[in-house]
Amino acid sequence: MTHRLVVRTALLLLIGGLTRVTAAQAPPAAPSPASRPPAVLTDEAARRAGDNYQRYCALCHGRDREGHVNDHAPSLRSKSLLESEFPVLGEAIGYGRQGTPMGGYLDEVGGPMTRQEIGDMLRWLRKTAAVEAIDMGNHSLDRTIGDATRGAAVYAQQCATCHGTKGEGGTGTALGNAAMLALTPDRFLRHAIVNGRQGTPMPAFGGVLSKTQIDDVTAFLRSRSTGSAAGKRTLRTPPALADAVINATGRAPEFGELKEGRYLSAAALDRELKAKRRMVLLDTRVTSMWQMAHIEGAVPIPYYSRDVTLAALPRDGTWIVAYCECPRAAADSVVKRLREDGGFKNTAVLYEGIQGWVSLGYPVVAGDATKPAATPAKP
Ligand code: HEC
Ligand code: HEC
């Protein structure tokens with residue numbers, strides 16, 4: 001293990017991220033504590049996680065977490081996988097991996113497990129493998145700079161036999177999976193490439209390929225994520241709130257009744273966007289996440305930006321839909337503020353959050369793939 005290369009990475013997301021988002025949030029807007037999984041695994045929770053594992057996961061990942069029992073399900077034992085305290089793991093379990101046999105286990109998408117149980121499952125997997133999660137810093141924007149064309153050649157020579165010529169997967173995971181790539185930082189990919197996955201066919205390329213080759217192949221993988229450009233990342237100026245209305249000449253969306261008076265499903269949002277309905281989409285995550293991938297047309301208004309004036313938003317009853325990656329805590333806080341401080345009535349929160357949206361196969365674009373705003377965002 002090259003610990004020098006062990007990376008501290010962060011997205012404010014799912015299981016691990018939920019706690020972080022709520023901690024950074026202003027107290028009045030905090031979501032109900034019931035949605036916050038405790039950080040420690042009790043004996044009782046460990047026993048249940050073990051039972052759940054055998055019931056739900058052993059079929060493909062193996063009774064002993066060894067992997068590759070069915071459908072090329074990866075090993076859930078390897079240190080380099082489990083130590084990456086990564087949303088991708090929670091997402092993979094909760095929402096599944098679109099286009100692969102890995103389904104979603106979260107009750108919200110029709111699965112059998114609660115968010116708490118999925119959190120406990122991850123803690124149990126780590127505990128059983130005696131792996132500590134790596135603390136996360138904030139490097140979600142950290143894009144590898146490499147030459148995707150040269151990377152394609154490395155891929156064809158070194159990776160395609162296991163991961164498929166088109167990244168469709170085989171012995172190895174589906175690396176061309178847009179859902180996985182859209183929300184996976186380069187550091188996660190690099191970590192797997194450099195260190196391999198112990199106890200699985202995935203070799204460590206740290207001593208085999210040069211650093212440049214690893215950068216190139218990472219850039220190549222990245223080049224295939226939804227709407228994402230390879231190479232050096234250019235930060236874009238997000239559109240101003242005043243330009244936030246999507247389909248300005250369209251009719252009002254018909255969202256139907258909102259769950260708990262607030263929540264809108266990904267399917268309904270997709271349907272109304274496709275029908276070119278007039279609305280505002282607010283991305284309430286940390287702005288770096290907007291740069292990485294967002295729903296087209298969304299304007300960032302991070303949950304912590306209490307100083308941002310809401311005056312620029314339309315006052316004519318235009319629907320305003322907020323989303324985050326938590327999947328709801330940050331968006332809930334912004335919508336609460338819109339309703340209580342701003343008097344905005346037609347507001348909703350995307351129930352599944354953006355990771356649910358992506359995992360369910362709905363499109364996103366990257367910040368650097370969109371047209372730069374003509375005018376910089378107002379401070
Ligand atoms: C029907 C077979 C099947 C079942 C059952 C299943 N998985 Fe998976 N799982 C897969 C496959 C296949 C993949 C790889 C998907 C891909 O190519 O990205 C995967 C991927 C994963 C990953 C991501 C690993 C990585 O390398 O990124 C995790 C974590 C995971 N599964 C956990 C679980 C857990 C926990 C359960 C039980 C709650 C479960 N899986 C049940 C087939 C399955
Ligand atoms: C001999 C087969 C094999 C080769 C060759 C191979 N891989 Fe893998 N790779 C795997 C397997 C199997 C896994 C899943 C490991 C597990 O069970 O966790 C994997 C996992 C990965 C992952 C983690 C994906 C995730 O969702 O967690 C990345 C990234 C990756 N490989 C990149 C590469 C790259 C880039 C190359 C070429 C330089 C390569 N691999 C070559 C078999 C291979």
Side-chain angles (χ1 to χ4, degrees), residues 14-15 49-62 65-82 84 86-106 111-113 117-126 128-129 144 146 151-164 167-181 183-206 208-210 213-222 359:
L14 207 61
I15 318 292
D51 289 350
N52 280 339
Y53 180 86
Q54 293 306 333
R55 185 173 323 142
Y56 301 129
C57 323
L59 173 73
C60 301
H61 292 280
R65 298 163 287 113
E66 65 277 22
H68 304 277
V69 170
N70 262 313
D71 293 331
H72 300 302
S75 154
L76 296 179
R77 281 204 295 224
S78 69
K79 180 163 156 30
S80 53
L81 171 71
L82 293 173
S84 332
F86 263 106
V88 277
L89 301 188
E91 271 161 33
I93 303 173
Y95 293 94
R97 289 266 173 87
Q98 184 80 11
T100 83
M102 178 66 194
Y105 288 86
L106 185 60
M113 295 169 78
E117 285 174 322
I118 288 175
D120 285 343
M121 172 73 71
L122 269 177
R123 280 181 277 274
W124 175 82
L125 285 169
R126 288 206 178 99
T128 319
T144 293
V154 176
Y155 183 87
Q157 205 177 22
Q158 305 276 354
C159 325
T161 45
C162 292
H163 290 283
E168 68 274 21
T171 313
T173 30
L175 295 178
N177 188 342
M180 187 273 281
L181 288 169
L183 301 172
T184 303
D186 290 356
R187 287 181 171 230
F188 178 80
L189 302 173
R190 279 192 66 103
H191 190 60
I193 299 168
V194 170
N195 300 291
R197 287 276 168 81
Q198 300 85 356
T200 85
M202 174 64 194
F205 287 94
V208 177
L209 297 174
S210 68
Q213 286 174 309
I214 290 173
D215 287 347
D216 291 347
V217 79
T218 307
F220 168 68
L221 295 179
R222 171 61 52 206
S359 302

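Note that ligands are numbered from 1 as they come in the structure, with each ligand's atoms numbered from 1 the same way.
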Quick check against the 3.5 Å criterion: does S80 have a side-chain atom that pairs as donor or acceptor with the backbone of G196?
yes

Could you tell me whether a side-chain N or O of H163 sits under 3.5 Å from a main-chain N or O of T173, the two making a donor and an acceptor?
yes

Under 3.5 Å between some N or O of ligand 2 and some N or O of [X]?
X    : answer
T171 : no
H163 : yes
T161 : no

Only heavy atoms count here, so choose which of [options] is nearest to [atom].
atom                    : options                : result
atom 14 (C) of ligand 2 : S78, P201, P74         : P74
atom 42 (C) of ligand 2 : E66, M202, R190        : M202
atom 1 (C) of ligand 1  : G170, G172, C60        : C60
atom 22 (C) of ligand 2 : A160, G167, C159, A192 : A192
atom 28 (C) of ligand 2 : L175, L81, V208, T200  : L175
atom 41 (C) of ligand 1 : Y53, Y105, W124        : Y105

What are the two closest non-hydrogen atoms of [X] and [Y], and how far apart are they?
X    : Y    : answer
I118 : Y105 : CD1-C, 4.1 Å
F205 : I214 : O-CD1, 3.7 Å
T200 : S78  : CG2-CB, 4.5 Å
A129 : R77  : CB-O, 3.8 Å
P201 : T171 : CG-CG2, 3.9 Å

Please identify which atoms of ligand 2 are closer than 4.0 Å to at least one heavy atom of Q158.
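Contacts of ligand 2 toward Q158, numbered from 1: 5 (C), 37 (C), 38 (C), 41 (C).
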
Numbering as shown, the atoms of ligand 2 that approach I193 to under 4.0 Å (heavy-atom distance):
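That gives atoms 32 (C), 35 (C) of ligand 2.
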
Nearest-0.5 Å distance that lies between atom [atom1] in [X] and atom [atom2] in [Y]:
X    : Y    : atom1 : atom2 : value
F220 : D215 : CZ    : CG    : 15.0 Å
E117 : N52  : CD    : CG    : 5.0 Å
I93  : Y56  : CD1   : OH    : 13.0 Å

So, 2.8 Å as the limit: is an N/O/S atom of C162 located closer than that to atom 8 (Fe) of ligand 2?
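No, since none of the N, O or S atoms of C162 sits under 2.8 Å from atom 8 (Fe) of ligand 2.
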
Proximal atoms of ligand 1 relative to [X] (non-hydrogen, under 4.0 Å):
X    : answer
T173 : 14 (C), 16 (C), 17 (O), 18 (O)
Y56  : 5 (C), 37 (C), 38 (C), 41 (C)
R197 : 26 (O)
I93  : 29 (C), 32 (C), 35 (C)

For H61, is at least one N or O under 3.5 Å away from an N or O on ligand 1?
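Indeed, backbone or side chain, H61 has an N or O that close.
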
Does the N or O separation between A174 and ligand 1 drop below 3.5 Å for any pair?
yes

Taking side chain as C-beta onward, heavy atoms only, is M202 less than 4.5 Å from P74?
no

Do V217 and Q158 have side-chain heavy atoms sitting under 4.5 Å apart?
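No, side chains not in contact.
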
For atom CD of Q54, is the number of surrounding heavy atoms from other residues, nucleotides or ligands below 6.0 Å larger than 12?
yes

Could you tell me whether N52 approaches ligand 1 through its side chain, its backbone, both or neither, with non-hydrogen atoms closer than 4.0 Å?
neither

Heavy-atom contacts under 4.0 Å between F205 and ligand 2: side chain, backbone, both, or neither?
side chain

What do you reckon, does G67 put a non-hydrogen atom under 4.0 Å from ligand 2?
no

